Visitor: 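Sharing a structure, written as C-alpha cells. Questions coming.
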2 protein chains.
Amino acid sequence: MTKTPAARRGRPRTFDRDKALQSAMNVFWQHGFDGTSMSQLVAAMQINSPSIYAAFGSKEDLFREAVEQYVASDGSSTMQALTADDDVRNALRSMLANAIQTFTRHDEPRGCLIVLGARHLGPISDPVRTFLRDQRERIRVLLAERLLKAKQKGELAPEADEKALAACVMTFLNGISIETVDGTSQPTLLAAAELFVDRLLPR
Amino acid sequence: MTKTPAARRGRPRTFDRDKALQSAMNVFWQHGFDGTSMSQLVAAMQINSPSIYAAFGSKEDLFREAVEQYVASDGSSTMQALTADDDVRNALRSMLANAIQTFTRHDEPRGCLIVLGARHLGPISDPVRTFLRDQRERIRVLLAERLLKAKQKGELAPEADEKALAACVMTFLNGISIETVDGTSQPTLLAAAELFVDRLLPR
DNA sequence: CCCAATATGTGCTGCGTGATACATATAGGT
DNA sequence: ACCTATATGTATCACGCAGCACATATTGGG
C-alpha cells in the first residue's frame, strides 16, 4: 500500500523544495548556523522568508534538514569509503582523502558542516580570521623547527619529512580544540595524544 | 635611559587595564570574537562601553590585545614544553598534554583561542550544538567498529585499542576541517593524512 | 460557483548589536 | 585660580536580526 498522491488542495508551491534545501545547505556549510542570516537564505533560496518559514518551520529546523541532507549525500560517500575496501589501511586512507576533497571542493573551502556548523565564520578577508591564521602559522613553523633539530641530532630517521610530520601534529592539535569543546574527556584525549606521538615518531 | 613616568595629565583611570584585558580575554576565549557582545564585555570587565573604547580602541583592537595576552601566557607555556625536553617524543607528549590541560582548564572547556577565536559558539545547551555533537559521535562509533572488525580479522595487532585508535582518527579528522578553512593546500593535507595512517596502523 | 486550503509578497515588529555624543568629574601644569 | 587633558556615566544612534500579520493569489472539492 504505497502512499496515495494525496491530491493536495490549495495553491501549489512555485519552487522546488529539494533544490531550495540544497541552496540552504550550501549557505549553512559556508557560514555556519549563526553566521547565516535569513536574508542570505532568502537570496540563496530565491524565496521570501514567510515561504521559508511555511515550508521548513524555523531557521533551526531548516538547518537540521540541511545537515541531514549533508549527511546523506557528502557525508555518506565519505563513510562508505570506510567500509568499501577490505584492507583497513586503504579504507582509512581513502576515507580521509575523500573527506579532504569534500571539504575543499568549493571556491572557498568549507571544512565539514558537522564539525563547523555551529560556528560562525566571517569572510575570508576578515582581518580577525587572517590575524589568527598567522598566529597558527607561527606554531606550525615552531613545530617544524623542533622536528628538524631532532632529525639533525639523530633522534629521527634521516629520511623523515619534518614538514609533513609538523603538518600531522598541527592537524592533531587543531582537532583537540574541537574535541575539548565537544566535551571529550581529558583522559580520553591524553590517551589519544600518547598513542599519537608513540606511533608518529617510532623509535 | 628608561622611559620617564610621563606624569599623565587628566583624570586617572579607576580600573586596572591589565585586569580588564584579562577579563576580556576570558570572555573571548569562551565565546569567540563574533560570539562576544559588547554588553558581555561591559559586564565582565566592569567598565562602561565608552571607557572600553577609550582604553582599547574598538572591539577588534581589544580582541587582538586579548589574543596577544593569551599567546604570551597560556600559549607560551605550551610552546615552552616543546623545547624544554631534550627528547623529541617527550617534548611533543608534554606539549600536547599541556595543551589539553589548558583547553579543559575551565568549567566549560574552551579549546584554543587561536584556533576557535574567529568562531562563534553558543551555550553548551544550544540545541544546534548538541545535535551536531551527536552526529559526530556516530562517526566515532563507526570508526571504532571498523577498527574492531580489522582487529578480529587479524589486520591489527590483537592488543590494539580500537577505541583509542578511533579517538586518534577522530581528532585528526576534526583537525582537517580547521585546516581546510585555514587555506592549507589539498596536497599538504593529503600527504599528512597518508603519513598519519601509515604511522598509526603499522604493519 | 463558491468555499476551504495552501502559497506568496509587502511591510512591519521588538530586540540586540557595535559604536558614539554629550555633560560631568577629576587630575596636572602654570 | 584657571586652563587643558583625560576618564566616566547616561542615554542614544542607525542597523541588521529572526520572525510574523495580513492581504492577496491560486489551487481542488463539493
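Note on naming: letters A, B, ... go to the chains in the order of the sequence lines (proteins, then strands), and numbering restarts at 1 for each one. Values in this document were obtained by computation on a predicted structure and should not be read as measured data.
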Visitor: Determine: side-chain N/O of Ser58(B) to OP1/OP2 of dG18(C), distance under 4.0 Å, yes or no.
Guide: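 Result: no.
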Visitor: dT8(D), dG9(C), dA19(C): which one has an atom nearest the side-chain heavy atoms of Pro50(A)?
Guide: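 Out of dT8(D), dG9(C), dA19(C), the nucleotide with an atom closest to Pro50(A)'s side chain is dG9(C).
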Visitor: Looking at Ser39(A), does any N or O in its side chain come under 4.0 Å of the phosphate oxygens OP1/OP2 on dG16(D)?
Guide: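 No, outside the criterion.
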Visitor: Rounded to whole Å, how long is the line connecting atom CZ of Arg17(B) with atom C1' of dA7(D)?
Guide: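 After rounding, the reported distance stands at 14 Å.
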Visitor: Pick base, sugar-phosphate or nothing for Pro12(A), based on heavy-atom distances below 4.0 Å to the nucleic acid.
Guide: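 If one applies the 4.0 Å heavy-atom cut-off, Pro12(A) turns out to touch the sugar-phosphate alone, with no base involved.
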Visitor: Kindly indicate whether the side chain of Leu200(B), heavy atoms from C-beta on, has any atom under 4.5 Å from the side chain of Leu165(B).
Guide: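 Touching, per the 4.5 Å side-chain cut-off.
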Visitor: Could you check how far CG of Asn48(A) sits from P of dA25(D), rounded to whole Å?
Guide: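 Taking CG of Asn48(A) and P of dA25(D), I get 15 Å after rounding.
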Visitor: Check every atom of dA18(D), dT8(D), dT20(C) against the side chain of Phe15(B) and return the nucleotide holding the closest atom.
Guide: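 Of dA18(D), dT8(D), dT20(C), dT8(D) is nearest to the side chain of Phe15(B).
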Visitor: Going through the distances and angles, do Leu62(B) and Leu21(B) end up as a side chain to side chain contact (heavy atoms under 4.5 Å, CB included)?
Guide: CA-CA 8 Å; Leu62(B) 175 59; Leu21(B) 179 58; 3.9 Å; yes
Visitor: Can you say whether the rings of Phe33(B) and Phe28(B) are parallel (under 30°), tilted (30 to 60°) or perpendicular (over 60°)?
Guide: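 Parallel, since the angle between the ring planes stays under 30°.
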Visitor: Determine: side-chain N/O of Ser49(B) to OP1/OP2 of dA19(C), distance under 4.0 Å, yes or no.
Guide: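 So the side-chain polar atoms of Ser49(B) never come under 4.0 Å of the phosphate oxygens OP1 or OP2 of dA19(C).
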Visitor: dT8(D) P sits how many Å from Phe56(B) CZ, rounded?
Guide: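 Those two atoms, CZ and P, are 11 Å apart.
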Visitor: I want to confirm an ordering. Mapping Gly57(A) and Gly10(B) to their closest nucleotides on DNA chain D, which one lands closer to the 5' end?
Guide: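 Taking each residue's closest nucleotide, the earlier one in sequence belongs to Gly10(B).
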Visitor: Within 45° of the axis and under 6.0 Å from the centre of the six-membered ring of Phe103(B), does NZ or CZ of Arg110(B) qualify?
Guide: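 Relative to the ring axis of Phe103(B), which defines the angle, Arg110(B) lies outside at least one limit.
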Visitor: Out of dA18(D), dT26(D), dA25(C), which has the shortest distance to the side chain of Arg11(A)?
Guide: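 The listed nucleotide nearest to Arg11(A)'s side chain is dT26(D).
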Visitor: To the nearest angstrom, how far is Met38(A) atom CE from dG11(C) atom C1'?
Guide: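 Atom-to-atom, Met38(A) to dG11(C), this comes out as 15 Å.
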Visitor: Can you tell me the distance, in whole Å, between the CZ atom of Arg9(A) and the P atom of dG29(D)?
Guide: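 From Arg9(A) CZ to dG29(D) P: 8 Å.
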Visitor: Would you say the side chain of Cys112(A) lies within less than 4.5 Å of the side chain of Tyr70(A), judging by non-hydrogen atoms?
Guide: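 They are in side-chain contact.
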Visitor: Can you tell me which nucleotide in dT8(D), dA7(C), dG18(C) comes closest to the side chain of Tyr53(B)?
Guide: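 So the side chain of Tyr53(B) is nearest to dG18(C).
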Visitor: Expressed in angstrom and rounded to an integer, what is the separation of Met45(B) atom CE from dG9(D) atom C1'?
Guide: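 Value for this atom pair: 16 Å.
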Visitor: Which one, dT20(C), dG18(C), dA18(D), comes nearest to the side chain of Lys59(B)?
Guide: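 Among the listed nucleotides, the one closest to the side chain of Lys59(B) is dG18(C).
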Visitor: Starting from P on dG9(D), measure out to CD1 on Ile47(B) and report it in whole angstrom.
Guide: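 Going from CD1 in Ile47(B) over to P in dG9(D) covers 9 Å.
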Visitor: Between Ser37(B) and dT17(C), is there a side-chain N or O to OP1/OP2 distance below 4.0 Å?
Guide: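 Checking Ser37(B) against dT17(C): at least one side-chain N or O falls below 4.0 Å of OP1 or OP2.
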Visitor: Can you measure Phe63(B) atom CZ to dG18(C) atom P for me and round it to whole angstrom units?
Guide: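 Taking atom P of dG18(C) as the reference, CZ of Phe63(B) is at 13 Å.
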Visitor: Return whichever of Gln40(B) or Ser51(A) has its heavy-atom-nearest nucleotide of DNA chain C closer to the 5' end.
Guide: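 Here Ser51(A) is the residue nearer the 5' end.
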